[in-house]
Amino acid sequence: MELITVKKSTCVKCGLCSNVCPSGVLSMKENGPIAIHPNNCIACGHCVAVCPSSSIDNIKTPLANQLDLESFPIINSNTAESFLRSRRSIRCYKERQVPQHTLLELVNIARFAPTASNTQGLSYVIIKNKKVLQQATEIVVEWMEDQLKNSLSPHWSFSRHVKNYREGGTDTILRNAPHIILATSPKDFKNGIKNTISAFSYLELFATTLGLGSCWAGLFEMCAFLNYKPLLELFHIPDTKVITGAVMVGYPKYQYKKIVDRNPLEVEFID
Ligand SMILES: Cc1cc2nc3c(=O)[nH]c(=O)nc-3n(C[C@H](O)[C@H](O)[C@H](O)COP(=O)(O)O)c2cc1C
């Protein structure tokens, strides 16, 4: 089957499909677009989505699977700014579990984030079991202790986290979150971490609309990115895969009252 099909009776030959194609797949001819380099198609779906007369179809991104954009309200910039700026990293969670269908709704949004050459390539593990999360913290603490003993340059914060856990019984690694979501990718997939950053940025923002809070689990990631075996075994990560990111998720215990500022904007224009 051909990659691209064009409905000749409705195609207005505007050329938008070939203009927006990121990889030079399409060329405009007298009768409309044709795929001159079909193997270059990265399945981004732009050609189908931009066509003003729904005349082009692509087997990698079928027209039938694309929704009409006009039916969505456009949010104004003030609302968008407040929405983006009011997301905070949540480190105190209610003890309540998040329903599985909500976790699924949350993680589903992650696959719509932009990725290099539309490579995507991620899959997810959602931990619902409190005991498994406690074991994960214990494993990361043991790894930190090992780093403090044997590494020449352990991270500056490790001794504090170990002390919090061992002496204070406080988990400052996974923060007693009721869930963590792990992103994983095949071992030989080069864009795993980069794509995860993009995917989790979507996930963290969308979480707020479901009444959820989240926090990137960077300390956990330091251990996971070294393929620390006890951690991979705990989550049944197969040898063929690696963890590319981790984020805590749950219902926030507290509501924030202010929107924080950041470092001043540093920007230059070059005319
Ligand atoms: C890659 C990454 C790793 C992070 N790791 C941790 C972490 O291990 N523990 C934690 O409490 N917060 C972690 N954070 C949250 C940051 O501290 C937080 O984003 C930053 O302080 C800004 O605060 P805000 O997210 O509430 O706006 C991480 C954030 C990112 C992006």
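When a ligand or atom number is given, it counts from 1 through the structure's own listing order.
The shell of residues lying under 4.0 angstrom from ligand 1, judged by heavy atoms, excludes R85. Residue-ligand proximity: R87 is placed with a non-hydrogen atom under 4.0 Å from ligand 1.
Looking at ligand 1, you won't find any N or O of C215 less than 3.5 Å from one of its N or O atoms. Backbone and side-chain nitrogen or oxygen atoms of L219 are examined, and one is located within less than 3.5 angstrom of a nitrogen or oxygen of ligand 1.
Taking the centre of each ring, F220 and W143 stay at or above the 6.0 Å mark.
Each of V132, L133, V125 was evaluated against I180; a single residue qualifies, L133, per the side-chain contact (heavy atoms from CB on, under 4.5 Å) test. Put simply, the residue from C51, C17, C11, C47 that forms a side-chain contact (heavy atoms from CB on, under 4.5 Å) with V6 is C11. I126 pairs with exactly one of I181, V98, V249 by the side-chain contact (heavy atoms from CB on, under 4.5 Å) rule, that one being I181.
Shown here, atom 20 (C) of ligand 1 is out of close reach of the protein: none of its heavy atoms lies under 4.0 Å off.
With hydrogens left out, the protein atom closest to atom 22 (C) of ligand 1 is R262 NH1, 3.6 Å, a heavy atom. Regarding atom 23 (O) of ligand 1, its nearest protein heavy-atom neighbour is R88 NH2, 3.6 Å. Nearest protein neighbour of atom 25 (O) of ligand 1, counting heavy atoms only, is S89 OG, 2.6 Å. With hydrogens left out, the protein atom closest to atom 5 (N) of ligand 1 is G218 N, 3.0 Å, a heavy atom.
For ligand 1, the atoms sitting less than 4.0 Å from at least one non-hydrogen atom of A217 are 8 (O), numbered in the order shown with element in parentheses.
In K128, the NZ atom is not crowded: 12 or fewer heavy atoms of neighbouring residues, nucleotides or ligands sit closer than 6.0 Å.
Within the 3.5 Å criterion, the main-chain N or O of K194 finds no donor-acceptor partner in the side chain of N191. Using a distance-only test at 3.5 Å, with no hydrogens or angles considered, no donor-acceptor pair links the side chain of N164 to the main chain of T170.
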**Request:** Determine, step by step, whether W216 and E221 satisfy the side chain to side chain donor-acceptor pair (under 3.5 Å) criterion, reporting the C-alpha distance in whole Å, the side-chain angles of both residues, the deciding distance to 0.1 Å, and the verdict.
**Result:** CA-CA 9 Å; W216 214 289; E221 282 182 346; 2.8 Å; yes

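Atom 7 (C) of ligand 1 has its nearest heavy-atom neighbour, among W216, Y256, F200, in W216.
Residue R91 touches ligand 1 through its side chain alone, judged by heavy-atom distances below 4.0 Å. At a heavy-atom cutoff of 4.0 Å, ligand 1 is contacted by no atom of M222, backbone or side chain.
The existence of a salt bridge linking E138 and R166 is confirmed by a sub-4.0 Å separation between a basic side-chain nitrogen and an acidic carboxylate oxygen.
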